[in-house]
Peer 1: 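Questions regarding the structure given below will be posed in turn.
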Amino acid sequence: MLERITPGIDKFYVACGKTDMRMGINGLVNKITTEFKLEPCENSALLFCGIRKDRIKVLLWDGSRFILMYKRVERGSFKWPRNHTEAKQISVQQLEWLLRGMEIEPVKPIEKITGARFTERNSVVQNLLKS
């Protein structure tokens with residue numbers, strides 16, 4: 001599917017949260033323009049997901065008309081971002097991950113430790129090793 005939608009597409013957006021999957025092209029275009037304040041006639045693809053997370057819709061503009069694609073998985077689900085009601089721009093790599101059922105963002109980013117915090121954690125580890 002990825003090979004079919006990436007040529008000529010500059011940006012990919014994920015509509016975070018839940019979308020009513022009964023919506024057709026007109027409803028999705030209305031959602032894009034009113035809720036997300038995006039221009040649907042750009043070289044962009046917008047991805048939408050419903051409550052069950054086992055199907056997505058991809059809406060894109062090919063220069064003269066809208067194309068609506070639908071993908072459903074038989075087993076498993078898409079790891080869809082649910083915490084926002086916004087359109088989040090994603091990279092091609094994140095799109096690949098999403099379509100393969102992987103998370104597009106790290107669940108818990110690695111924390112950078114510097115200075116006094118490093119010394120504090122290092123002493124806790126040394127005390128545990130002594131015990």
Side-chain angles (χ1 to χ4, degrees):
M1 179 178 169
L2 182 63
E3 302 81 33
R4 288 183 235 154
I5 63 175
T6 50
I9 302 298
D10 298 329
K11 299 175 186 171
F12 295 93
Y13 293 95
V14 170
C16 300
K18 302 169 188 167
T19 300
D20 184 352
M21 295 303 277
R22 296 174 293 180
M23 280 191 213
I25 291 174
N26 293 338
L28 294 173
V29 168
N30 186 43
K31 183 177 180 93
I32 292 164
T33 56
T34 58
E35 287 183 35
F36 304 139
K37 308 292 189 244
L38 294 173
E39 178 57 46
C41 297
E42 293 179 344
N43 290 336
S44 59
L46 291 110
L47 290 85
F48 303 89
C49 186
I51 293 171
R52 293 171 30 186
K53 298 192 280 185
D54 66 342
R55 55 199 80 197
I56 61 171
K57 285 187 175 183
V58 180
L59 181 69
L60 57 103
W61 176 258
D62 76 347
S64 62
R65 62 193 174 271
F66 285 105
I67 299 172
L68 183 62
M69 291 185 271
Y70 187 81
K71 182 172 182 157
R72 183 182 78 188
V73 294
E74 293 300 319
R75 290 192 179 106
S77 61
F78 295 103
K79 305 296 184 213
W80 207 262
R82 295 287 195 200
N83 53 350
H84 302 290
T85 54
E86 64 182 0
K88 176 185 175 88
Q89 187 172 350
I90 61 172
S91 67
V92 174
Q93 180 66 55
Q94 288 174 308
L95 176 62
E96 273 187 37
W97 293 339
L98 184 67
L99 294 177
R100 291 182 182 176
M102 298 164 52
E103 296 279 346
I104 60 171
E105 294 180 341
V107 177
K108 184 176 179 185
I110 296 172
E111 183 181 348
K112 186 176 181 179
I113 300 174
T114 58
R117 289 184 57 201
F118 178 75
T119 307
E120 176 185 314
R121 287 193 180 190
N122 194 21
S123 64
V124 169
V125 170
Q126 287 176 358
N127 289 337
L128 287 173
L129 292 174
K130 289 178 184 177
S131 316

Peer 1: Could you measure the distance from the CG atom of Leu68 to the CE atom of Met23? Nearest 0.5 Å is fine.
Peer 2: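 Those atoms lie 12.0 Å apart.
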Peer 1: Can you name the residues that form a ring-ring contact (aromatic ring centres under 6.0 Å, His included) with Trp61, not counting sequence neighbours?
Peer 2: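 Applying ring-ring contact (aromatic ring centres under 6.0 Å, His included) to Trp61 gives Phe66.
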Peer 1: Same cluster for Leu60 and Val92 if Ile/Leu/Val/Met/Phe/Trp/Tyr side chains link at under 4.5 Å?
Peer 2: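 Linked within one cluster.
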Peer 1: Say you draw a straight line from NZ of Lys79 to NZ of Lys53; how long is it, rounded to the nearest 0.5 Å?
Peer 2: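 It is 7.0 Å, given to the nearest 0.5 Å.
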Peer 1: Do you reckon Phe12 sits in the same ILVMFWY cluster as Ile67, going by side-chain contacts under 4.5 Å, direct or chained?
Peer 2: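 Cluster IDs for Phe12 and Ile67 match.
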Peer 1: Is any side-chain heavy atom of Lys57 less than 4.5 Å from a side-chain heavy atom of Thr19?
Peer 2: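 The answer is no, as the side chains (C-beta and beyond) never meet within the 4.5 Å cut-off.
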Peer 1: Identify the two heavy atoms, one from Arg52 and one from Ser77, that lie closest to each other, and give their separation to 0.1 Å.
Peer 2: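 Closest approach of Arg52 to Ser77, heavy atoms only: O-CB, 4.3 Å.
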Peer 1: Honestly curious: do Ile32 and Ile9 fall in one hydrophobic cluster under the side-chain, below-4.5 Å linking rule?
Peer 2: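 No: no chain of side-chain contacts under 4.5 Å links Ile32 to Ile9.
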Peer 1: Mind checking whether Ile104 and Trp80 have side chains closer than 4.5 Å, heavy atoms only?
Peer 2: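 SC-SC contact between Ile104 and Trp80 ruled out.
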Peer 1: Measure the spacing between CD of Gln94 and CD of Gln89 and express it to the nearest 0.5 Å.
Peer 2: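 Between atom CD of Gln94 and atom CD of Gln89 there are 9.5 Å.
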Peer 1: Testing the basics here: between Arg55 and Cys49, what is the closest heavy-atom pair and its distance to 0.1 Å?
Peer 2: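 Closest pair (atom of Arg55, atom of Cys49, distance): O-SG, 3.6 Å.
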Peer 1: Just one of Val14, Leu47, Ile56 clears the side-chain contact (heavy atoms from CB on, under 4.5 Å) bar with Phe78, so which one?
Peer 2: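 For Phe78, the side-chain contact (heavy atoms from CB on, under 4.5 Å) check succeeds only for Ile56.
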Peer 1: To the nearest 0.5 Å, what is the distance between CG (Leu59) and NZ (Lys31)?
Peer 2: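 Leu59 atom CG to Lys31 atom NZ measures 12.5 Å (nearest 0.5 Å).
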Peer 1: Taking all non-hydrogen atoms of both residues into account, name the closest pair between Glu74 and Arg72 and its distance.
Peer 2: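 Residues Glu74 and Arg72, closest heavy atoms: OE2-NH2, 2.7 Å.
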Peer 1: Please find the pair of heavy atoms, one from Gly76 and one from Val73, that lie closest to each other, and give the distance.
Peer 2: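 Shortest heavy-atom contact: O-CG2, 3.6 Å.
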Peer 1: Taking atom CD1 of Ile51 as the centre, does the number of heavy atoms from other residues, nucleotides or ligands within less than 6.0 Å exceed 12?
Peer 2: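 At most 12 heavy atoms, drawn from other residues, nucleotides or ligands, come within 6.0 Å of this atom.
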Peer 1: Provide the closest heavy-atom pair for Thr34 versus Lys37 in the form atom of the first, atom of the second, distance.
Peer 2: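 So the two residues come closest at O-NZ, 2.5 Å.
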Peer 1: Transitively linked via ILVMFWY side-chain contacts under 4.5 Å: Val58 with Leu95?
Peer 2: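 Yes.
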Peer 1: Look up atom NZ in Lys11 and atom CG in Leu46, then write down how far apart they are to the nearest 0.5 Å.
Peer 2: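 Going from NZ on Lys11 over to CG on Leu46, the span is 10.5 Å.
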Peer 1: State plainly whether one hydrophobic cluster holds both Leu28 and Ile25, where clusters connect Ile, Leu, Val, Met, Phe, Trp and Tyr through side-chain heavy atoms under 4.5 angstrom apart.
Peer 2: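 The answer is yes; both residues are in one hydrophobic cluster.
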Peer 1: Distance from Lys71 atom NZ to Asp54 atom CG, nearest 0.5 Å?
Peer 2: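 Reported to 0.5 Å precision, the distance equals 12.5 Å.
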